[in-house]
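Shown next, in structure tokens, is the structure this report addresses.
All values reported here derive from a predicted model rather than from experimental measurement.
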Amino acid sequence: QLQLVESGGGLVQPGGSLRLSCAVSRFPPDSTLDYYAIGWFRQAPGKEREGVLCFSSRDGSTNNVDSVKGRFTISRDNAKNTVYLQMNSLKREDTAVYYCAAAPLTTVQGTCVLRMGYYDYWGQGTQVTVSS
């Protein structure tokens with residue numbers, strides 16, 4: 001079993017930066033983040049949830065939507081059981097609730113994908129508002 005909790009959201013001006021955290025708790029705590037593909041999703045007001053960026057430890061590859069390419073970066077710290085989303089050059093259209101998600105590598109094949117059905121575990125989300 002896996003539990004994910006996002007944090008780090010808030011209000012930021014256009015052009016600013018923000019780093020989101022996803023704390024991961026495993027039950028039992030006998031595995032590492034290397035056993036999971038990790039994805040970040042977001043949902044803006046009145047819009048459907050969309051995939052933003054994902055990482056697979058199977059081959060170290062990532063996928064991202066064109067709208068965040070070169071601005072957003074995913075990373076992880078296994079010692080702290082935490083996954084991060086670094087967001088730079090933020091735009092008003094980045095305003096959304098952001099979610100982290102995980103998929104056991106034993107249940108999926110190939111490179112990670114930005115589809116909700118790929119992931120088994122989800123956090124509750126954290127609000128990011130980009131406004132002046």
Side-chain angles (χ1 to χ4, degrees):
Q1 299 183 34
L2 208 67
Q3 183 180 78
L4 296 82
V5 180
E6 301 94 336
S7 63
L11 177 65
V12 63
Q13 297 185 84
S17 298
L18 205 62
R19 188 178 75 164
L20 305 183
S21 298
C22 176
V24 181
S25 298
R26 298 178 296 279
F27 304 94
D30 59 354
S31 62
T32 74
L33 294 177
D34 290 338
Y35 294 117
Y36 301 91
I38 303 296
W40 284 93
F41 289 71
R42 67 185 180 186
Q43 187 165 19
K47 305 292 184 179
E48 295 184 356
R49 191 175 300 185
E50 67 169 350
V52 177
L53 189 68
C54 67
F55 170 84
S56 175
S57 60
R58 179 171 281 125
D59 57 3
S61 62
T62 62
N63 280 319
N64 60 264
V65 292
D66 290 340
S67 60
V68 307
K69 187 176 182 179
R71 300 190 297 121
F72 289 13
T73 303
I74 193 171
S75 63
R76 64 184 181 183
D77 187 332
N78 286 356
K80 297 181 179 179
N81 296 314
T82 302
V83 178
Y84 302 98
L85 179 65
Q86 179 67 47
M87 305 184 293
N88 299 323
S89 302
L90 284 162
K91 306 173 181 178
R92 285 186 170 84
E93 49 264 44
D94 293 320
T95 295
V97 176
Y98 283 73
Y99 303 86
C100 62
L105 292 179
T106 56
T107 67
V108 297
Q109 302 294 323
T111 304
C112 67
V113 297
L114 298 172
R115 293 195 294 270
M116 292 177 58
Y118 182 88
Y119 301 91
D120 300 296
Y121 303 97
W122 293 82
Q124 294 299 305
T126 185
Q127 176 71 50
V128 172
T129 302
V130 184
S131 177
S132 59

When you measure from the side chain of [X] to the backbone of [Y], do you find a donor-acceptor pair of N or O atoms at a distance under 3.5 Å?
X     : Y      : value
Glu50 : Arg42  : no
Asn63 : Cys112 : yes
Glu6  : Leu20  : no

- Qualifying residue, where the test is side-chain hydrogen bond (donor to acceptor under 3.5 Å, both in side chains) with Arg71 and the options are Asn88, Asp94, Asn64: Asp94
- Query: Counting only heavy atoms not in Arg58, do more than 12 sit closer than 6.0 Å to its CZ atom?
  - Reply: yes
- Is atom CD of Gln1 surrounded by more than 12 heavy atoms (other residues, nucleotides or ligands) closer than 6.0 Å? no
Nearest 0.5 angstrom please: [X] [atom1] to [Y] [atom2], how far?
X      : Y     : atom1 : atom2 : answer
Gln86  : Thr73 : CD    : OG1   : 7.0 Å
Leu2   : Tyr35 : CG    : OH    : 13.5 Å
Met116 : Glu48 : CE    : CD    : 9.5 Å

Test of understanding: clusters of I, L, V, M, F, W, Y form through side-chain heavy atoms closer than 4.5 Å, transitively. Do [X] and [Y] belong to the same one?
X     : Y      : result
Leu53 : Val65  : yes
Val5  : Tyr99  : no
Val83 : Tyr121 : yes
Leu4  : Leu114 : yes

- Message: Which heavy atom of Ser61 sits nearest to which heavy atom of Thr111, and what is that distance?
- Response: OG-CG2, 3.0 Å
- Task: Identify the two heavy atoms, one from Asp120 and one from Pro104, that lie closest to each other, and give their separation to 0.1 Å.
- Result: OD2-CD, 3.1 Å
Please tell me if the side chains of [X] and [Y] come closer than 4.5 Å, counting only heavy atoms from C-beta onward.
X     : Y      : result
Ser56 : Leu105 : yes
Ser57 : Arg76  : yes
Ser17 : Val12  : no

- By side-chain hydrogen bond (donor to acceptor under 3.5 Å, both in side chains), which residues pair with Asn78, not counting sequence neighbours? Asp34
- Query: Do any pairs count as a ring-ring contact (aromatic ring centres under 6.0 Å, His included) and have a residue in residues 37-89, sequence neighbours left out, and if so which ones?
  - Reply: Phe41-Tyr119, Phe41-Trp122
- Carefully, step by step, assess Ser131 and Thr95 under the rule side-chain contact (heavy atoms from CB on, under 4.5 Å). CA-CA 8 Å; Ser131 177; Thr95 295; 6.0 Å; no
- Item | Stepwise side-chain contact (heavy atoms from CB on, under 4.5 Å) test for Leu90 and Gln13 | CA-CA 8 Å; Leu90 284 162; Gln13 297 185 84; over 6 Å; no
